[in-house]
Amino acid sequence: NFEGAIKAYTKCLDSISDKSSPLALKCYGNRAACYKQLSNFDGTIEDSTNVLEYKPDDVKALMRRAQAYEACERYKSSLQDVRQVIAYGVDVVGKPTYDLANGMQHRLNRVIQQLRSG
C-alpha cells in the first residue's frame, strides 16, 4: 500500500524539524521510492533531490531521480545523474546498479542524439 506508506512518511517528516537528520533523509528516500512505484515522478524527483542536498553521493536517490527525469523526458538531467553513478565505479555501486546506469546512459545518449538531429 504505497499511498498509506506515503502518508506515514509525510506524517513523520512533518514532525521532524531537522530535514537533514538521518531519519528525515530515510523518510524522503522511502517516500521517493513509493512515489516512483505510483509513477508520481515529480514527487520522486523532489524527494530524491531533498536526499541529495545532504547526501550528494546517495546512489539510490541518484538512480531514482535519473529514472524519474527520464520518465518526464528531462533526458539531460537524467544523463547527468546516471553519469555520476557510473563515475563511482562498479565496486562502489555494485554490478546490477552499474549495469542499469550504463544501459540508461547508452539509451539516453541515443535519445538526445535523435532529438538533436530532428
Side-chain angles (χ1 to χ4, degrees):
N1 179 352
F2 295 113
E3 288 93 349
I6 288 168
K7 284 182 183 156
Y9 292 129
T10 301
K11 188 175 177 184
C12 182
L13 283 163
D14 288 344
S15 72
I16 299 172
S17 57
D18 180 7
K19 301 301 188 210
S20 67
S21 71
L23 179 58
L25 297 180
K26 187 60 95 172
C27 286
Y28 279 127
N30 289 344
R31 192 171 71 174
C34 292
Y35 282 144
K36 183 174 165 254
Q37 289 297 320
L38 297 173
S39 299
N40 176 344
F41 300 116
D42 291 331
T44 305
I45 291 166
E46 185 178 338
D47 279 0
S48 296
T49 300
N50 285 331
V51 172
L52 292 165
E53 194 174 316
Y54 299 103
K55 287 177 65 184
D57 58 347
D58 188 300
V59 172
K60 283 184 182 178
L62 283 165
M63 287 303 295
R64 277 191 198 113
R65 190 172 73 173
Q67 290 168 322
Y69 277 147
E70 183 179 15
C72 294
E73 298 182 4
R74 293 171 64 184
Y75 302 118
K76 287 182 181 175
S77 296
S78 179
L79 187 59
Q80 193 174 355
D81 283 351
V82 164
R83 284 184 173 152
Q84 189 174 339
V85 170
I86 291 169
Y88 291 135
V90 69
D91 292 338
V92 173
V93 303
K95 185 160 173 41
T97 301
Y98 188 86
D99 289 347
L100 176 63
N102 201 29
M104 284 180 70
Q105 177 180 237
H106 290 295
R107 182 173 64 246
L108 290 162
N109 277 326
R110 278 196 307 273
V111 170
I112 291 167
Q113 274 304 114
Q114 288 169 348
L115 290 171
R116 280 191 186 136
S117 62

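Judged as a side-chain hydrogen bond (donor to acceptor under 3.5 Å, both in side chains), and not counting sequence neighbours, the contacts of Asp99 are Lys95. For Asp58, the side-chain hydrogen bond (donor to acceptor under 3.5 Å, both in side chains) criterion is met by Lys55, not counting sequence neighbours. Listed by chain and residue number, Asp18, Tyr54 satisfy the side-chain contact (heavy atoms from CB on, under 4.5 Å) test with Ser20 (two or more places apart in sequence, or in another chain). Legend: residues meeting side-chain hydrogen bond (donor to acceptor under 3.5 Å, both in side chains) with Asp14, ordered by chain and number and at least two apart, are absent. Taking Leu115 as the reference, Tyr75, Val111 meet the side-chain contact (heavy atoms from CB on, under 4.5 Å) condition, with sequence neighbours excluded. Every residue meeting the side-chain contact (heavy atoms from CB on, under 4.5 Å) condition with Asn30, not counting sequence neighbours, appears here in chain and number order: Tyr9, Lys26. Applying the side-chain contact (heavy atoms from CB on, under 4.5 Å) rule to Lys11 yields no partners; only residues at least two apart in sequence or on another chain are considered. Partners of Arg64 by salt bridge (Lys or Arg N to Asp or Glu O under 4.0 Å), not counting sequence neighbours: none found. Checked against side-chain hydrogen bond (donor to acceptor under 3.5 Å, both in side chains), Gln113 has the following partners two or more places apart in sequence or in another chain: Arg116.
Sorted by first and then second residue, the pairs that involve residues 80-92 and meet salt bridge (Lys or Arg N to Asp or Glu O under 4.0 Å), not counting sequence neighbours, are Arg65-Asp81. The list of side-chain hydrogen bond (donor to acceptor under 3.5 Å, both in side chains) pairs with a residue in residues 34-44, not counting sequence neighbours, reads Lys36-Gln67. Screening residues 102-112 for salt bridge (Lys or Arg N to Asp or Glu O under 4.0 Å) gives Glu70-Arg107 as the qualifying pairs, with residues at least two apart or on separate chains.
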- [ ] For Glu3 and Leu38, run side chain to side chain contact (heavy atoms under 4.5 Å, CB included): C-alpha distance rounded to whole Å, both residues' side-chain angles, the deciding distance at 0.1 Å, then the answer.
- [x] CA-CA 8 Å; Glu3 288 93 349; Leu38 297 173; 3.9 Å; yes
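The shortest non-hydrogen separation linking Met104 to Ser78 is CE-OG, 3.8 Å. The two residues Cys34 and Ile6 have their closest heavy-atom pair at CB-CG1, 3.5 Å. Scanning all heavy atoms of the two residues, the minimum distance from Leu25 to Val51 falls at O-CG2, 3.6 Å. Of all the heavy atoms in Pro56 and Tyr88, the pair that sits closest is O-OH, 3.7 Å.
We find the CG-NZ distance between Leu79 and Lys76 to be 9.5 Å, quoted to the nearest 0.5 Å. Distance check, rounded to the nearest 0.5 Å: OG1 of Thr97 to CE of Met63 gives 6.5 Å. Within the model, atoms SG of Cys27 and CG of Leu13 stand 4.5 Å from one another, a figure rounded to the nearest 0.5 Å.
Under the 4.5 Å side-chain contact rule for hydrophobic residues, Val90 and Val59 share a cluster. Hydrophobic cluster membership differs between Tyr28 and Ile16, with clusters built from Ile, Leu, Val, Met, Phe, Trp and Tyr side chains linked at under 4.5 angstrom. The hydrophobic clustering, which links ILVMFWY residues whose side-chain heavy atoms are closer than 4.5 Å, places Leu108 and Leu100 together.
Enclosure of atom CD in Gln84 by more than 12 non-hydrogen atoms of other residues, nucleotides or ligands within 6.0 angstrom is indicated.
Using a 4.5 Å cut-off on side-chain heavy atoms (C-beta onward), Arg74 and Ile45 make contact.
Judged by distance alone, with hydrogens and angles left aside, the side-chain atoms of Asn109 form a donor-acceptor pair with the main-chain N or O of Gln105 at under 3.5 Å.
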